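First the structure, in the form of structure tokens, and then the observations on it.
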Amino acid sequence: MGTTATAQRVLLVEGRSHRPALFTDPHHRCLGSHRGLPYSAVRDKKSVTRQTLDDLKQQIPLMGYLQAHDWHPARPLSRGRWMGLCPLHTDRKPSFLVDPNQNLFYCYGCGRGGDVIRFAELYHQVKFPQALALLRQWRGAEPLLQEVARFYGVQLHRHGEAVTYLYQRGVRSLELIEHMRIGYAPGGCLRGWLTQLGHSLPALRQAGLVTGVGYDAYVRRIVFPLESNLYGRSVSASAPPHRFLPGAKGGLYAWAQAQSYPEVILVEGLFDYAVLWQAGFHNVTCSLGTHLNARQFRQLCDAPRTVYLTFDADPHGSGQQAAQGLSQRLREQGIDTRLVSLPEGDDPNSFFVQGGDAQQFQSLLEAARP
Ligand SMILES: [Zn+2]
């Protein structure tokens with residue numbers, strides 16, 4: 001998605017003159033450009049005013065958005081600007097320049113630059129209207145989901161069935177529950193609580209917390225807060241086991257903690273993560289399924305490291321197949337990998353639940369083949 005494509009998508013509002021869009025602002029040319037005057041989304045008759053865009057950009061400072069997407073400023077420059085590795089291409093030495101005062105970025109490696117909206121377009125590989133929608137969702141959902149996570153956290157200790165379920169799945173310590181901020185959605189009480197706090201029903205519907213007919217979306221589910229979503233695991237066998245709220249599952253789970261280790265254990269489920277963390281393996285992360293999204297894949301490749309792929313040893317071999325495919329793709333990016341073989345039919349969670357301990361798991365790691 002190059003600059004030309006963007007320029008073609010940008011429609012100017014009728015009757016307004018504008019300056020040439022690119023590289024004519026008085027600031028450093030390499031910081032990319034402020035956008036031209038108002039543009040409307042293609043095929044969307046409702047024009048997006050400049051004011052709306054400026055408001056959105058002001059509410060989502062570029063630096064904060066970058067850091068929430070795992071970008072780290074590596075080297076300070078003059079006038080408050082920073083250099084770091086480029087999150088848009090495989091970058092070996094810092095070539096990504098950020099000016100937090102102007103809210104602009106420019107990469108000397110891939111030549112791309114712009115504002116937070118342009119960054120969202122490139123990073124999530126979406127078109128302009130979807131980038132706006134993602135940013136709006138990100139701005140709006142954050143405080144609401146924090147509130148919901150806190151509420152579910154309180155519910156956990158009030159519902160014996162939730163505590164029993166966690167115990168059966170090997171979650172035995174309060175420290176782990178607090179670390180993962182595990183909660184419980186009993187159903188039938190979230191909507192009332194949130195509307196009492198002043199959240200509107202349409203907003204709750206839009207976030208997917210309440211169904212179209214007004215019931216709590218999560219009923220009898222253990223809930224794990226993710227960076228911009230909530231994963232809900234049903235404790236009842238009659239409901240679909242896994243659910244997410246609408247929207248992306250986000251990056252790797254607890255990546256900020258795992259990424260500093262030279263060796264990282266990758267698992268597919270949060271209960272796998274839980275038992276490993278509890279057993280003292282804090283270099284663990286979780287992809288929430290065997291299919292990694294583009295962002296999760298980039299995270300694993302952001303520094304030299306060895307990744308221990310520890311997917312389920314299901315009888316059909318689909319976990320192992322997924323691990324082999326991923327291993328090959330990681331190796332193409334220069335990342336060292338090991339395939340961890342669990343006993344047939346096991347996943348890391350069942351391995352520990354059935355009595356496996358940290359030392360035995362360590363032996364599996366040591367026996368893992370490249
Ligand atoms: Zn770049």
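Note that the coordinates shown come from a computational prediction; the quantities given were computed from them, not determined experimentally. Numbers here simply count residues along the sequence, with the first being 1.
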Q: Tell me, yes or no, whether the heavy-atom count around Glu175 atom CD, taken from other residues, nucleotides or ligands under 6.0 Å, exceeds 12.
A: no

Q. Does Pro225 reach the side chain of Leu145, with side-chain heavy atoms less than 4.5 Å apart?
A. no

**Q.** Nearest non-hydrogen partners of Val264 and Tyr261, listed with the distance
**A.** CG2-O, 3.8 Å

Q: To the nearest 0.5 Å, tell me how far Asp314 CG sits from Glu344 CD.
A: 8.5 Å

**Q.** Partners meeting ring-ring contact (aromatic ring centres under 6.0 Å, His included) with Tyr184 (sequence neighbours left out)
**A.** His159

**Q.** Backbone N/O of Gly289 and side chain of Lys249: donor-acceptor pair under 3.5 Å
**A.** no

Q.
Going by ring-ring contact (aromatic ring centres under 6.0 Å, His included), name the residues that satisfy it together with Phe151, two or more places apart in sequence or in a different chain.
A. Trp193

Q.
Treating Asn229 as the side-chain partner and Phe244 as the backbone partner, does any N or O pair qualify as donor plus acceptor under 3.5 Å?
A. no

Q | Pair Gln257, Trp277: side-chain N/O donor-acceptor within cut-off below 3.5 Å | A | yes

**Q.** Side-chain heavy-atom pair Ser234, Arg243 within 4.5 angstrom cut-off
**A.** no

Q) Closest approach of Pro370 and Arg331, non-hydrogen atoms and distance? A) CB-NH2, 3.5 Å

Q: Identify the two heavy atoms, one from Arg221 and one from Gly232, that lie closest to each other, and give their separation to 0.1 Å.
A: NH1-O, 3.0 Å

Q. What residues, two or more places apart in sequence or in another chain, satisfy salt bridge (Lys or Arg N to Asp or Glu O under 4.0 Å) together with Glu227?
A. Arg295

Q. Is the shortest side-chain N to carboxylate O distance from Lys127 to Glu121 below 4.0 Å?
A. no

Q: Would you check if Leu276 and Phe361 make a side-chain contact, meaning some heavy-atom pair closer than 4.5 Å?
A: yes

Q) Where the side chain of Asp216 meets the backbone of Tyr218, is there a donor-acceptor pair that is under 3.5 Å apart? A) no

Check: residues 206-215 side-chain donor-acceptor pairs under 3.5 Å, at least two apart:
unit_1 : atom_1 : unit_2 : atom_2 : d
Thr211 : OG1    : Gly214 : N      : 3.4
Thr211 : OG1    : Tyr215 : N      : 3.0
Thr211 : OG1    : Tyr215 : O      : 3.4

Q) Is it true that a side-chain atom of Gln354 and a backbone atom of Phe351 form a donor plus acceptor pair closer than 3.5 Å? A) no

Q.
Please evaluate residues Trp82 and Leu97 with respect to the criterion side-chain contact (heavy atoms from CB on, under 4.5 Å), reporting the C-alpha separation (whole Å), side-chain torsions for both, the decisive distance (0.1 Å), and the verdict.
A. CA-CA 6 Å; Trp82 288 88; Leu97 171 67; over 6 Å; no

Q: Check whether any side-chain heavy atom of Leu342 sits under 4.5 Å from a side-chain heavy atom of Pro348, and report yes or no.
A: yes

Q) Which value, rounded to the nearest 0.5 Å, describes the distance between His89 atom NE2 and Phe96 atom CZ? A) 10.0 Å

Q: Give a yes or no answer on whether the side chain of Asn101 reaches the backbone of Gly80 with a donor-acceptor pair at less than 3.5 Å.
A: no

Q | Flag for Arg169-Asn349: side-chain donor and acceptor within less than 3.5 Å | A | yes

**Q.** Residue that, paired with Asp302, satisfies side chain to side chain donor-acceptor pair (under 3.5 Å) out of Arg305, Gln299, Arg298
**A.** Arg305

(Q) Whether the side chain of Asp91 engages the backbone of Leu85 through a donor-acceptor N/O pair (distance < 3.5 Å, no angle test) should be reported. (A) no

Q: Could you walk me through whether Gln328 and Gln324 pass the side-chain hydrogen bond (donor to acceptor under 3.5 Å, both in side chains) test, one step at a time?
A: CA-CA 6 Å; Gln328 196 177 341; Gln324 271 164 13; over 6 Å; no

Q | Within-4.5 Å side-chain heavy-atom neighbours: Leu66 and Val98 | A | yes

Q: Locate the shortest heavy-atom distance separating Ala274 from Leu176; write the atom from each residue and the value.
A: O-CD2, 3.5 Å

Q: Enter the distance from Leu326:CG to Thr337:OG1 here, rounded to the nearest 0.5 Å.
A: 8.0 Å

Q. Do the non-hydrogen side-chain atoms of Val116 and Asn103 ever get within less than 4.5 Å of each other?
A. no

Q) Taking atom CG of Leu339 and atom OG of Ser327, what is their separation to the nearest 0.5 Å? A) 5.0 Å

Q.
For Cys286 versus Tyr273, what's the shortest heavy-atom pair and its separation?
A. CB-CB, 4.2 Å

Q | Sidechain N-carboxylate O distance under 4.0 Å for Lys57, Asp115 | A | yes

Q) Among pairs that include at least one residue of residues 274-286, which meet salt bridge (charged side-chain N to carboxylate O under 4.0 Å, His left out), considering only residues two or more places apart or in two chains? A) none

Q: Taking salt bridge (Lys or Arg N to Asp or Glu O under 4.0 Å) as the test, write out the residues that go with Asp54, two or more places apart.
A: Arg50

Q) For the ring pair Tyr65 and Trp71, is the centre-to-centre distance below 6.0 Å? A) no

Q) At what distance, to the nearest 0.5 angstrom, does CG of Leu365 lie from CD of Gln360? A) 12.5 Å

Q) In Å and rounded to the nearest 0.5 Å, what is the NE2 to CG distance from His199 to Leu190? A) 9.5 Å

Q) Any donor-acceptor pair under 3.5 Å linking the side chain of Ser363 with the backbone of Gln359? A) yes

Q: Dump the intermediate steps for side-chain contact (heavy atoms from CB on, under 4.5 Å) on Tyr231 and Val223, then the final yes or no.
A: CA-CA 6 Å; Tyr231 165 75; Val223 176; over 6 Å; no

Q: List the steps, then state whether side-chain contact (heavy atoms from CB on, under 4.5 Å) holds for Arg181 with Tyr152.
A: CA-CA 9 Å; Arg181 297 190 295 139; Tyr152 284 154; over 6 Å; no

Q. Are the side chain of Arg75 and the backbone of Gly84 linked by a donor-acceptor contact shorter than 3.5 Å?
A. no

Q: Assert yes or no for the condition that the ring centre distance of Phe271 to Phe224 is strictly below 6.0 Å.
A: yes

Q) With a 4.0 Å cut-off, would you call Arg329 and Glu332 a salt bridge? A) no

Q.
If I compare all heavy atoms of Gly345 with all of Ser350, which pair ends up nearest, and what's the gap?
A. O-OG, 4.4 Å

Q.
Using side-chain contact (heavy atoms from CB on, under 4.5 Å), reason through Val267 and Phe311 one step at a time and then give a plain yes or no.
A. CA-CA 6 Å; Val267 296; Phe311 289 171; 5.8 Å; no

Q.
Under 3.5 Å, is there a donor on one side chain and an acceptor on the other for His69 and Tyr123?
A. no

Q.
Under the side-chain contact (heavy atoms from CB on, under 4.5 Å) test against Asp272, which residue among Ile265, Asp312, Thr310, Leu266 passes?
A. Asp312

Q: For the pair Asn283 (side chain) and Ala258 (backbone), establish whether a donor and an acceptor sit closer than 3.5 Å, ignoring hydrogens and angles.
A: no

Q. Donor-acceptor pair, Ser200 side chain versus Ala203 backbone, under 3.5 Å?
A. yes

Q. Taking the side chain as C-beta and beyond, is there a heavy-atom pair between Leu88 and Phe105 under 4.5 Å?
A. yes

(Q) With a 4.5 Å cut-off on side-chain heavy atoms, are Leu194 and Leu201 touching? (A) no

Q: For the residue pair Thr52 and Asp55, confirm or rule out a side-chain donor-acceptor distance under 3.5 Å.
A: no

Q.
Can you see whether His179 engages Gln278 through a side-chain donor-acceptor pair at a distance of less than 3.5 angstrom?
A. no

